[in-house]
Amino acid sequence: MPGRIGVVTFPGSLDDRDARRAVRRAGGTPVALWHAEEDLHGVDAVILPGGFSYGDYLRCGAIARFAPIMRVVVDGARDGLPVLGICNGFQILCEAHLLPGALIRNVGRRFGCVDQPLIVGNAATAWTSAYTSGQRIVVPLKNGEGCYLADERVLDELEATGRVVARYAVDDEHPDPNGSARAIAGVCNPDGTVVGLMPHPEHAVEALTGPGQDGLGFFTSILGAVPGVLAGR
Amino acid sequence: MRSRVDRYSPPVVRVVVEVMPKPEILDPQGQAIARALPGLGFTGVGAVRQGKRFEMVIEATEDEALRQAAAMAETLLANPVIEDFRVHRQG
């Protein structure tokens, strides 16, 4: 049976359906998880999708962090359950202290929506093993609060330990999208099982509806990683 | 003379929690406001920081209400990674 990947739907989630579809296209079995249920239904990994959970009231991800499903997601993540937070999911992971730092309003204060080139910084995480370190991929980026911040000590540690999963490729054609510290687009926990990512790989899984298929690797990676990760638990 | 209802009403405290971005944290919204002010004729404004203010009515003694509000601020109302908070009694 292919890996069962749970995708949580919060009130205000937008990209849960696309994330489930990406899992299916990668060859996995998507499992819809509901925010109000304290039950992971035995999934092998969890995706927290993009959107505006609970209307982004207070701070992005601040209310979602206390949803019943997050109790089991946080406990599971501490025991090695792989979790990918995309956009709003990344914000939730930071609010839940599963990842360091925070995401604040874009420096330009504009909601940006672009096909964003990224440089993969760490291809050894549970969610990026299908890539190579230094690989350039193009994935849609769409957010208003995507400016990643952490204090200098934390940023130094993230870089020194290979926990910057992806950076924005900034060049003449592609300006800095949101002012993130050190152009960080995604980070992971020390084990590489919990990954937070601002851009949306689930929107780049087929040429018809996205800029390409560069995002599919996040979903094939986890399907390849699941047995190994489970064996290690 | 106190009525029976008054006698059994728990004390009520009005508490304020003020949340501000930490001084070293970028505040794009505050910067945008600072840049808009000169165009309105307010030319002497050096810097603007934008924060949040929460007003709550808590049924508890003052000490207990302030303690509860601080706990709320730590867990939910503020994100300690990017924000500082201050708790005080209203009025």
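Any value given below was found using the heavy atoms of this structure, including those in side chains, with hydrogens, waters and symmetry copies removed. Lettering of chains follows the sequences in order, A, B, ..., and the numbering in each one begins at 1.
When all heavy atoms of Leu58(A) and Leu77(B) are compared, the pair lying nearest together is CD1-O, 3.9 Å. A pairwise comparison of heavy atoms in Thr75(B) and Phe66(A) identifies O-CZ, 3.4 Å as the closest pair.
Heavy-atom proximity under 4.5 angstrom to chain B picks out Glu95(A), Gly101(A), Ala102(A), Ile104(A), Arg105(A), Asn106(A), Val107(A), Arg109(A) from residues 91-117 of chain A.
No part of Lys22(B) comes within reach of chain A, as not one of its non-hydrogen atoms sits under 4.5 angstrom from that chain. With a 4.5 angstrom heavy-atom cutoff, Glu24(B) does not touch chain A via any of its atoms.
Among Val19(B), Asn79(B), Val81(B), Ile82(B), the residue making the largest number of heavy-atom pairs under 4.5 Å with chain A is Asn79(B).
In terms of the side chain to side chain contact (heavy atoms under 4.5 Å, CB included) criterion, residue partners of Leu66(B) (sequence neighbours excluded) are, by chain and number, Val15(B), Glu62(B), Val87(B).
In Arg49(B), the CZ atom is crowded: over 12 heavy atoms of neighbouring residues, nucleotides or ligands sit closer than 6.0 Å. For CZ of Arg53(B), the number of neighbouring non-hydrogen atoms (other residues, nucleotides, ligands) closer than 6.0 Å is greater than 12.
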